[in-house]
Each structure stands twice: as C-alpha cells, then as structure tokens.
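To find a chain, count down the sequence lines: A is the first, B the second, and so on, and within it residues start at 1.
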Amino acid sequence: MEKTLRIKSILTEKPVNQDICVQGWLKSKRDSKGLSFLDVTDGSSLTGLQVIADESLANYHTDIAQLSTGCSIVARGQLVASPAKGQEVELHAREITVYGWAQPETYPLQKKRHSFEFLRSVAHLRGRTNSLGAVARIRSRLSWAIHQFFQQRGFFQVHTPVITTSDCEGAGEMFTVTSFDLQKLPRTAGAVDFSQDFFGRPASLTVSGQLEAEAYALALGNVYTFGPTFRAENSNTSRHLAEFWMLEPEMAFCDLEGDMDLAEELLKFLISDCLENCAEDMDLFARFIDKTLMAKLDNVLKHEFVRISYSDAVKELEKSGRSFAFPVAWGIDLQSEHERYLAETLFQRPVIVTDYPKTIKPFYMRVNDDNKTVAAMDILFPGIGEIIGGSQREERLEQLTARMVEAGIALENYQWYLDLRRFGTVPHAGFGLGFERIIQFVTGMGNIRDVIAFPRTPGSTAV
RNA sequence: UCCCCGGUAGCUCAGUCGGUAGAGCAGGUGGCUGUUAACCACCUUGUCGGCGGUUCGAAUCCGUCCCGGGGAGCCA
C-alpha cells in the first residue's frame with residue numbers, strides 16, 4: 001500500500017508545496033460553489049486536515065458530492081498554505097478515491113455532539129469521535145508512560161497470570177474459569193467435582209497480580225505488573241468495571257515510606273507526561289469536559305501530598321463539626337464522604353492516609369509495632385476518591401501465618417506464598433493503581449465506562 | 001445490591017388537569033456561498049422502553065420487568 005503521511009505530522013511539519021497522500025475518514029464536508037471542503041481525520045490527532053476537492057476531479061459529481069460523515073478516502077495532491085482562517089495548511093486534491101461509504105441515514109455518528117450514554121451503545125464506532133478518540137490516545141500515552149517510568153528506574157515488568165487458582169486473593173468476588181459443560185456438571189455428593197475440571201481444581205480470573213508480583217520482587221528486586229484484572233462485584237458506579245487494568249509495582253527492601261514516595265512520584269509523572277505530550281487532546285478536555293481540569297492537575301503537581309495516619313484522620317473528622325451520614329469512629333473504615341471531606345474540603349489536595357486498623361485490612365499487610373494497625377496507605381484524590389491502595393507487606397512468617405489463620409484462609413493453598421517468607425524473606429512493599437481511574441482524573445471524564453474501549457459492567461458488555 | 005431520577009423521531013429534548021404527539025439538530029430536495037458544528041427555504045420520520053392493569057379513552061395513573069443516569073456499599 002502506498003506510503004502516506006499521518007495527519008499529525010503534516011500539521012506539525014507542514015511540508016508546503018509538496019505532493020502528499022493522506023488516508024482517513026470524513027468528519028464533515030462543506031460544499032461551496034464548484035468545490036467541497038473535506039475535513040479528514042486519520043486518528044493521529046484531534047485536528048483533521050482540510051482537503052479541497054474541486055469539480056475538476058474526475059469523480060467529483062459521482063463520488064465527492066455524495067461523501068458524508070464517516071466515509072473513508074485516500075487523497076493525493078499538493079499541500080498548500082491555506083488562504084482562509086481556521087487552518088494553516090490544506091491539501092488541494094488531485095485525486096480522491098473512496099474506500100468505503102457510510103450511509104448518512106444509518107451511520108450513527110452525526111456531525112454534532114452526542115451524549116456519552118449514546119456513544120456507549122456504539123462502542124465500536126465511538127473512537128471516531130473527538131472526545132473518545134482523545135481518550136484513546138491519552139490512554140495509550142499513559143500506558144507507555146507507566147512503562148517508561150518504571151523501566152527508567154530499573155523495574156522489571158512481570159507478566160502475572162490472568163488465570164489463578166488461589167481461591168482467595170482478598171479482593172472481592174471472582175469470575176470462575178472452567179472448561180466444564182455447564183449443563184452436565186460432574187458432582188460428588190451434590191458438590192461440583194472440580195478435580196475433573198481443566199486445572200483439577202477451582203480456577204478464577206485474577207483479581208490482583210500482587211501475590212505473584214511479590215514472588216518476583218523477591219527475585220528481581222523491583223518489579224511491576226500491569227494488565228487486565230477482573231472483579232465479579234455487582235458494582236454499578238461511574239468508578240467500577242468488571243474488567244479493568246491495574247498497575248501493581250512491588251519493591252523488595254522497601255518500607256511504607258518508600259512505597260508512598262514512589263506512588264506520589266508516579267502520579268505526578270503521569271500527569272506531567274500527559275500535559276507535555278498530549279497537549280492538544282488535554283485542551284479538549286479542559287474546554288469541553290471539565291473547565292477546572294487544568295487547575296485540578298496543577299494542584300496535584302504543585303503540592304506535596306498530605307500524609308496523615310488513619311488515627312489522626314479520624315480525629316480530624318471528629319473535630320470537623322460535620323454531621324456525616326455514617327459515623328466516624330476508630331476501627332471503622334472511612335466512608336466516601338469522609339474521604340471526600342479530607343481530600344476536597346480539609347486539605348484540598350491529594351491525601352495519603354496511612355496505618356489503618358488491621359481489622360479492616362487484608363492479611364498480607366504488615367502489622368505495626370502497636371499490634372493494632374498495619375502499614376497500609378490509601379491515596380485519596382479530590383473528586384475521585386481512592387486512586388491507589390498499597391502497603392508494606394508482612395514479611396515475618398509467624399505474623400503472616402497468624403493473620404491468615406485469623407482471616408480464615410486455607411494455608412495449604414498459600415504454601416508458595418509462605419515460602420517467600422521461609423526462604424530469604426525481606427521487607428517489601430507495593431501498591432495498586434487503577435489504570436482507568438488515573439485516566440479519569442487526567443481527562444476529567446466522569447464515567448469510567450468512557451475511558452476504556454469496550455467496558456464490561458454488570459449486565460453489559462459493549463461489543 | 002440499596003436509595004433517588006429518567007426512558008417520547010436517527011440524536012438532544014418538550015409534551016399542562018388522562019382526550020392517539022412536537023421543537024432543534026441529523027437526513028432528503030432546492031438555493032447560496034473559500035467553507036469552518038457553514039447558511040436560507042421546504043419536506044420526511046414515532047410499537048411514546050417491554051408486559052400487564054385501571055379507564056369510554058393512557059406518553060400521562062397503578063403494578064412489574066428491562067435499560068440508563070446520580071448517589072451509596074464493595075473497591076482500584
């Protein structure tokens with residue numbers, strides 16, 4: 001196929017008076033006397049390239065005049081400085097070929113703004129819109145930035161398994177993975193006999209790669225895992241997906257302090273990276289999605305995150321004078337309204353809450369010397385709540401075993417995890433970042449279903 | 001899963017006290033114009049989310065289910 005220039009590079013490099021070829025989709029067409037203005041996008045940038053097609057083209061009346069939003073074309077011609085306002089350069093077409101038509105009566109995307117709710121019903125086409133296209137580009141950039149951040153710091157990426165047979169990873173309901181014929185389940189004494197299933201035991205989609213990442217942190221030092229994660233929770237909110245992407249770094253020879261430092265550095269890096277490298281797309285969000293976006297991002301970049309212990313946070317909430325719908329008391333987990341008060345009202349910047357009561361946190365978090373709290377940290381962002389949850393891990397075999405017994409976990413399934421403490425255990429720490437949540441924060445998009453291409457939520461799979 | 005709100009033309013929505021529906025945009029036709037979400041004129045479009053009920057009569061009232069939105073819980 002003929003080599004074409006991407007519109008993004010045409011708009012930045014402006015190779016005026018050169019013959020070029022572009023391929024893309026029509027965003028709109030405006031007709032004038034004897035010529036048509038085609039607004040062409042190829043997905044490389046928000047701004048499209050204006051292509052001028054005049055009636056001297058052989059197929060002007062047969063093809064060009066019939067073009068409408070969504071049609072795909074290839075255009076060859078000369079790039080020239082534009083005589084009109086609105087664009088610096090434009091392509092004077094010498095030849096235009098139509099790849100594919102898009103009947104305007106049936107093509108769902110119109111030359112106007114659509115609601116995100118509607119666009120969700122055409123998830124396979126919505127990437128062609130300005131806003132969802134911008135989301136997709138920013139998502140890709142953030143993914144790349146994550147790898148860059150960790151690779152620059154000597155972290156190794158570990159591909160942790162998607163299928164797991166750990167029957168409890170301590171994070172919510174799981175999706176079962178089976179090769180059984182569900183109409184004919186083998187049973188012994190009424191119960192399903194998983195010994196006959198594919199893996200010889202119950203298997204699920206992973207709810208976290210953390211435990212496996214720990215194994216490799218205790219081999220390679222610093223690692224991260226970044227991939228799809230599954231939760232079968234019946235969560236119906238703008239912040240939850242059944243399938244989402246999670247980033248989980250894990251560091252050997254690291255305590256909670258180092259964990260928090262890395263998390264803060266990462267979040268600031270990701271925001272800066274987008275502002276620097278996705279300026280055009282970011283401007284779209286700042287203008288049309290959230291007018292306060294730039295101020296919010298600036299606020300995060302400019303300030304040190306507040307670090308406050310759970311115990312002190314509870315004291316702050318108690319003396320706030322606020323009447324919360326849910327009670328505030330030491331030992332009870334913070335509710336959304338409490339987290340929001342801390343991040344949005346009291347401190348008005350990201351807040352890291354540390355050292356939660358051990359009774360409300362998972363077994364793998366390291367018990368502090370007070371024997372009441374664990375070395376945990378949650379990072380709360382204004383507007384979106386918890387964006388990161390992490391901890392120093394319990395590296396002491398005896399304490400870990402005790403906590404697992406307390407939590408009612410079947411030790412026989414976790415011998416490998418306990419081995420990590422039996423053989424050359426070291427202090428280590430890590431955290432989990434919900435990838436879609438950082439995209440939401442960076443773009444200002446209100447619903448998590450609009451920052452992933454094909455969202456999976458209870459009762460709904462797009463495409 | 002719980003609470004609240006909503007579902008009317010392809011899209012975004014209006015529809016009063018129960019009397020079989022309307023606007024803007026899109027689309028079509030014509031006109032005009034180096035146009036910028038182009039403009040002007042005319043025209044088309046409906047299982048009023050599904051099912052059941054009340055009523056002479058239901059978009060409107062009641063029940064139920066489905067879907068969407070906001071909030072909560074769970075969490076990332």
### Task
Please state the C1' separation for the pair B:rG22 and B:rU44 - nearest whole angstrom.
15 Å
#### Entry: Distance-only polar pair, side chains of A:Tyr364 and A:Glu214, donor-acceptor under 3.5 Å
no
### Message
I'd like to know if the side chain of A:Ser44 reaches the main chain of A:Lys8, judged simply by a donor and an acceptor atom lying under 3.5 Å from each other, with no hydrogens or angles considered.
### Response
yes
### Query
Any donor-acceptor pair under 3.5 Å between the side chain of A:Ser235 and the base of B:rC75?
no
### Message
Could you tell me how far apart A:Glu339 (CD) and B:rA76 (C1') are, to the nearest whole angstrom?
### Response
12 Å
### Task
Using the P atoms only, state how far B:rU8 lies from B:rC13, rounded to an integer number of Å.
9 Å
Just the atom pairs and distances: protein N or O near nucleotides 13-15 of chain B's N or O, under 3.5 Å.
none

Could you go through nucleotides 40-50 of chain B and list every protein N or O atom that sits under 3.5 Å from one of its N or O atoms, giving the distance for each pair?
none

### Task
Summarise how protein sits on nucleotides 29-38 of chain B as a single string, 5' to 3': B when a protein heavy atom is under 4.0 Å from the base, S for sugar-phosphate-only contact, - for no contact.
----BBBBBB
### Query
Does the pair A:Glu250/A:Arg393 count as a salt bridge with the N-to-O cut at 4.0 Å?
yes
### Interatomic distance, A:Leu119 CG vs B:rG10 C1' [rounded to whole Å]
13 Å
### Query
Checking all strands, does A:Phe244 fall into the base, sugar-phosphate, or nothing category for heavy-atom contacts under 4.0 angstrom?
base
### Task
Using the P atom on both, measure B:rG53 against B:rA59 and round to a whole Å.
15 Å
### Query
From A:His428 NE2 over to A:Met251 CE, what is the distance, rounded to the nearest 0.5 angstrom?
10.5 Å
### Task
Toss me the dot-bracket line for RNA chain B: Watson-Crick and G-U wobble, both under 3.5 Å, 5' to 3', using | for pairs to another strand and [ ] for crossers.
(((((((..((((.....[..)))).(((((.......))))).....(((((..]....))))))))))))....
#### Entry: Euclidean distance for C1', B:rC25 against B:rA37 (whole angstrom)
10 Å
### Message
Is the distance between the ring centroids of A:His338 and A:Phe326 under 6.0 Å?
### Response
no
### Query
Mapping A:Ile388 and A:Pro108 to their closest nucleotides on RNA chain B, which lands nearer the 5' end?
A:Pro108
### Query
What integer distance in Å separates A:Met377:CE from B:rA76:P?
11 Å
### Query
Between A:Glu233 (CD) and B:rG73 (P), how many Å, whole number?
14 Å
### Task
Could you tell me the separation between the CZ atom of A:Phe285 and the CG atom of A:Asn130, rounded to the nearest 0.5 Å?
10.0 Å
### Task
Decide yes or no, distance alone: a donor-acceptor N/O pair under 3.5 angstrom between the base of B:rC11 and the side-chain of A:His114.
no
Between the protein and nucleotides 64-70 of chain B, list every N/O to N/O distance that falls short of 3.5 Å.
{"residue": "B:rG69", "atom": "OP1", "partner": "A:Arg120", "partner atom": "NH1", "Å": "2.0"}
{"residue": "B:rG69", "atom": "OP1", "partner": "A:Asn447", "partner atom": "ND2", "Å": "3.4"}
{"residue": "B:rG69", "atom": "OP2", "partner": "A:Arg449", "partner atom": "NH1", "Å": "3.3"}

### Distance in angstrom units between A:Gln110 CD and B:rC25 P, rounded
12 Å
### Query
Of all residues at least two apart in sequence or in a different chain, which pass the ring pair (Phe, Tyr, Trp, His ring centres under 6.0 Å) check with A:His303?
none
### Query
Which atom names give the shortest non-hydrogen contact between A:Leu11 and A:Gly48, and what distance separates them?
CD1-O, 3.9 Å
### Query
If you take atom types as modelled and just measure distance, does the side chain of A:Arg231 reach the base of B:rA76 with a donor-acceptor pair under 3.5 Å?
yes
### Query
What interatomic distance, in whole Å, is found between C1' of B:rU20 and the corresponding atom of B:rU55?
15 Å
### Summary
Looking only at B:rA72, B:rG28, B:rG73, the nucleotide nearest the A:Pro104 side chain is B:rG28
### Query
Is there a side chain to side chain contact (heavy atoms under 4.5 Å, CB included) between A:Asp54 and A:Tyr60 once you walk through the steps?
CA-CA 7 Å; A:Asp54 70 47; A:Tyr60 184 80; 5.7 Å; no
### Query
Want to settle it: does A:Asp333 or A:Arg340 sit nearer the 5' end of RNA chain B, counting the closest nucleotide to each?
A:Arg340
### Query
Is it the case that A:Ser309 and A:Asp355 place a side-chain donor and acceptor less than 3.5 Å from each other?
no
#### Entry: side chain to side chain contact (heavy atoms under 4.5 Å, CB included) assessment of A:Val22 paired with A:Thr4
CA-CA 5 Å; A:Val22 297; A:Thr4 61; 5.6 Å; no
### Task
Return yes if a side-chain donor-acceptor contact under 3.5 Å exists between A:Arg153 and A:Tyr224, otherwise no.
no
### Query
Rounding to a whole Å, what distance do you find between A:Lys361:NZ and B:rC74:C1'?
12 Å
### Query
Distance between the C1' atoms of B:rG24 and B:rG19, in whole angstroms?
27 Å
### Task
Check the distance between B:rG27's P and A:Leu109's CG and give it to me in whole angstrom.
12 Å
### Task
Over 60° means perpendicular and under 30° means parallel, so classify the ring planes of A:Tyr310 and A:Tyr356, tilted if in between.
tilted
### Query
Can you check side chain to side chain contact (heavy atoms under 4.5 Å, CB included) on A:Arg366 and A:Leu256, steps first, answer last?
CA-CA 9 Å; A:Arg366 191 180 195 278; A:Leu256 190 67; over 6 Å; no
### Query
Is A:Glu105 side chain donor-acceptor paired with the B:rG28 base, going by distance under 3.5 Å alone?
no
### Separation between the C1' atoms of B:rC5 and B:rC43, rounded to whole Å
37 Å
### Message
Check this for me: does any side-chain nitrogen of one of A:Asp281 and A:Arg141 sit under 4.0 Å from a carboxylate oxygen of the other?
### Response
no
### Query
Does a salt bridge link A:Arg126 with A:Asp450, judged by any charged N lying under 4.0 Å from a carboxylate O?
yes
### Query
For atom P, what is the distance between B:rC40 and B:rU35, given to the nearest Å?
15 Å
### Query
Can you tell me how far P of B:rA72 sits from NE2 of A:His338, to the nearest Å?
12 Å
### Message
I'd like to know if A:Glu264 and A:Arg307 make a salt bridge, using a cut-off of under 4.0 Å between side-chain N and carboxylate O.
### Response
yes
### Query
When you measure from the side chain of A:Glu436 to the backbone N and O of A:Trp245, does any donor-acceptor pair fall under 3.5 Å?
yes
### Task
Classify the nucleic acid contact of A:Ile438 as base, sugar-phosphate or nothing, counting any heavy atom under 4.0 Å across all strands shown.
nothing
